[in-house]
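Since the structure comes first, as structure tokens, the remarks are kept for the end.
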Amino acid sequence: MPEIFQMDRVDRIADVLYGVAVAEGLIGYGPLGRRVGLQANFLSQPLAQVSERAADRGEPIWSALVVGKDTGRPHEGFYALARRLRPEYENLDDEVLWQKERERCYAAAR
């Protein structure tokens, strides 16, 4: 009997974000949503799941690589989630927090 492999959206998002990290890039919410079959405004929960799972595994918070079209930065929810998952970020400025987590992503993908 052939083996059937089904990848859920959280896995697909994690794979896309790992590829973005390999390229040391960023991806918009819209393009990410199109890649995984979701509208951009429905990405918050799956991105939180990707982030929580990654943090539990000692991996970077991959959602640091997802940015808004207008701002070129993650939405506000990212910063709150990152501070919850990484207590060392509690008192960091948003820009510094984001830079540190992007670097973690890029370093893990090298």
Side-chain angles (χ1 to χ4, degrees):
M1 176 185 248
E3 190 173 322
I4 297 174
F5 176 75
Q6 184 174 356
M7 183 179 259
D8 72 5
R9 283 201 171 107
V10 173
D11 290 328
R12 288 172 47 205
I13 290 169
D15 282 350
V16 170
L17 295 179
Y18 183 82
V20 170
V22 167
E24 295 194 7
L26 300 170
I27 188 169
Y29 289 95
L32 176 61
R34 285 191 292 279
R35 298 272 310 267
V36 299
L38 285 174
Q39 292 182 353
N41 57 332
F42 289 106
L43 282 172
S44 61
Q45 184 176 6
L47 281 172
Q49 290 175 309
V50 167
S51 299
E52 289 165 353
R53 186 176 69 181
D56 287 345
R57 294 176 177 174
E59 298 174 5
I61 301 172
W62 300 108
S63 60
L65 304 178
V66 187
V67 297
K69 177 174 60 172
D70 296 332
T71 64
R73 299 171 51 104
H75 290 161
E76 288 304 311
F78 162 75
Y79 300 101
L81 181 64
R83 286 185 177 97
R84 183 172 58 79
L85 296 174
R86 299 213 192 283
E88 68 268 26
Y89 288 168
E90 185 178 340
N91 296 315
L92 289 183
D93 172 81
D94 285 354
E95 187 66 32
V96 173
L97 180 159
W98 184 41
Q99 177 189 3
K100 284 182 174 287
E101 204 56 37
R102 281 193 328 262
E103 263 315 304
R104 277 185 146 170
C105 292
Y106 300 152
R110 286 187 193 114

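Numbers here simply count residues along the sequence, with the first being 1.
Of the possible polar contacts, one joining the Y106 side chain to the G25 backbone as a donor-acceptor pair under 3.5 Å is found. The closest donor-acceptor contact from the side chain of R9 to the backbone of V36 lies under 3.5 Å.
Atom-to-atom distance recorded for L32:CG and L38:CG is 8.5 Å, nearest 0.5 angstrom. A distance of 8.5 Å separates CG in L17 from OG in S51, rounded to the nearest 0.5 Å. Distance CG/L65 to CG/L47: 10.5 Å, rounded to 0.5 Å. Taken to the nearest 0.5 Å, the CG atom of D93 stands 11.5 Å off from the NZ atom of K100.
Ring geometry for H75 against Y29 counts as parallel: the plane angle stays under 30°, on a 0 to 90° scale with 60° as the upper cut.
Within a 6.0 Å radius of CD in Q45, other residues, nucleotides and ligands contribute 12 heavy atoms or fewer. Within a 6.0 Å radius of CD in E95, other residues, nucleotides and ligands contribute more than 12 heavy atoms.
Taking 4.0 Å as the cut-off between side-chain N and carboxylate O, E52 and R84 count as a salt-bridged pair. R53 and E59 are not joined by a salt bridge, as no carboxylate oxygen comes within less than 4.0 angstrom of a charged side-chain nitrogen. Note on E101 versus R104: salt bridge recorded, some NZ/NE/NH1/NH2 to OD/OE distance being below 4.0 Å. Between D94 and R83, at least one side-chain N (NZ, or NE/NH1/NH2) sits under 4.0 Å from a carboxylate O, which counts as a salt bridge.
The ring of Y79 has its center no closer than 6.0 angstrom to the ring center of W98.
Checking L92, L81, I61 one by one against R86, the side-chain contact (heavy atoms from CB on, under 4.5 Å) holds for a single residue, I61. Each of V50, I27, V16 was compared with V66 under the side-chain contact (heavy atoms from CB on, under 4.5 Å) criterion, and only I27 meets it.
Taking each heavy atom of P74 and V67 in turn, the nearest pair found is N-CG1, 4.0 Å. The two residues I13 and P46 come nearest to each other via the heavy atoms CD1-CB, 3.5 Å. In terms of heavy-atom proximity, A54 sits nearest to P60 at CB-O, 3.1 Å.
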